[in-house]
Amino acid sequence: MADLIGQLQSLAATARGAVAGAADERAIEELRVRFLGKKGELSAVLRGMGALPAGERPRVGEVANRVRDEVEALLGAARARLEERKLEAELAGPPIDVTLPGRRLVPRGHRHPLTRAADEITAIFSRLGYEVASGPEIELDWYNFEALNIPADHPARDMQDTFYVEEGTLGPGPRRGGVLLRTHTSPVQIRTMKRLGKPPVRVVCPGRVYRSDYDQTHSPMFHQVEGLCVDEGITFADLKGTLAAFARAFFGPATRTRFRPSYFPFTEPSAEVDVSCSICGGKGTLPRVRAQGRPDEAGPERAGGSGGLHPPDVRCGTCKGTGWLEVLGAGMVHPRVLENGGIDPARCTGFAFGMGVERMAMLKYGIDDLRLFFENDLRFLEQF
Ligand code: PHE
């Protein structure tokens, strides 16, 4: 017995020396195999236990366990020491410049022009103190129409050709009325008022909307940005000032705005808002040179000039010679809509507006065909 214990003790002593001298990961691993491995020195000593009388085995086993624990601890400490030394060496070495650009130039993606336009629109309103809100694209008839003062038999429903959803496809659950793909972002007005519960409400809501149209200027899916501002004492003057500031920020500082009377069931009074044409600067005409490069814009009507030294101007195709572009629907929130949103119309007033993102992007970036947005042709997309 004493013999085996002596062997174990000398094994421990050798291990202490050897591990202290181990210079790297590999040396440590070799020592682990040498001392603790299946065919290692500890196993060899333990094999000698078979020859001992049964009464002496526990004592030797105890020492063997202690030696194994000690060697394991030594190896662990040695690994930790190495790690630490490596880290210190890295920190002491030449610094790595993490700001250097990569060597391989990977082409970077970028935002789709519609995303970019919607981001610019919401950024302008967030500078005016608006928050961004959103709502579901699969919407209840109540939010899309009913709560916005458009009852089932109202002729205004014809303004928006709607995709209805068969409720059976939606799974179980309580619902009031029909389910549809929202035809505008205006249902977010009601949802936001109900969520906030009290004024002030100042939100813009970008999002996808759906209508059953499809031609050169209509896509069954398109994008809108809704705006809603409700508080005590909000007036039509606030609406005008806000939209004029927005138009200048989006289309440029010289942009003028014009309000024409219109009708929406959820606003009263309502207006269509025009901005001065971003292409011809509101003149309605373009210099001949420019128009020649873009034959679509050169209508046959000549707006001015008589030949001679200066080539005559031609009609601006974007605003059809009027100098104005219709870009927005807007108005003062109808009292019934405030009520449906849980806000007291006797105490608060508000305004709302809605705009089409495709149209805003086309006017800002000079894009003449709506379908370009959805064809995903890289030659088009890479220009933005
Ligand atoms: N929801 C209207 C539409 O899609 C636009 C609008 C929004 C008009 C808010 C007035 C106020 O045509």
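For the numbers below, each heavy atom of this structure counts, side chains included, while hydrogens, waters and symmetry mates do not. When a ligand or atom number is given, it counts from 1 through the structure's own listing order.
By the 6.0 Å and 45° rule, R256 stacks over the aromatic ring of W324. Taking the ring centre of F259 as origin, the terminal cationic atom of K240 falls inside the region bounded by 6.0 Å and 45° from the ring axis.
Considering backbone and side-chain atoms alike, Q224 places an N or O below 3.5 Å from some N or O of ligand 1. Looking at R211 next to ligand 1, an N or O pair under 3.5 Å apart turns up. For S186, a nitrogen or oxygen atom sits less than 3.5 Å from a nitrogen or oxygen atom of ligand 1, counting backbone and side chain alike. In terms of polar-atom proximity, defined here as any N/O pair under 3.5 Å, H184 does make such a contact with ligand 1.
Side chains of N144 and R182: no donor on one and acceptor on the other come within 3.5 Å. Side-chain contact, Q224 with H184: no donor N or O sits under 3.5 Å from an acceptor N or O.
Salt bridge status for E232 with R347: present, with a side-chain N to carboxylate O gap under 4.0 Å.
Within the 4.0 Å heavy-atom criterion, the part of A330 lying near ligand 1 is the backbone and not the side chain. With a 4.0 Å heavy-atom cut-off, ligand 1 is reached by no atom of H334.
In terms of protein heavy-atom proximity, atom 2 (C) of ligand 1 is nearest to F266 CZ, 3.7 Å.
Interatomic distance, F374 CZ to F222 CZ, rounded to the nearest 0.5 Å: 9.5 Å.
Residue-ligand proximity, F353 to ligand 1, at heavy-atom distances under 4.0 Å covers atoms 7 (C), 9 (C), 11 (C). The G354 neighbourhood of ligand 1 comprises atoms 6 (C), 7 (C), 9 (C), with distances under 4.0 Å to a heavy atom of that residue.
Crowding of R68 atom CZ: a count of heavy atoms from other residues, nucleotides or ligands under 6.0 Å exceeding 12.
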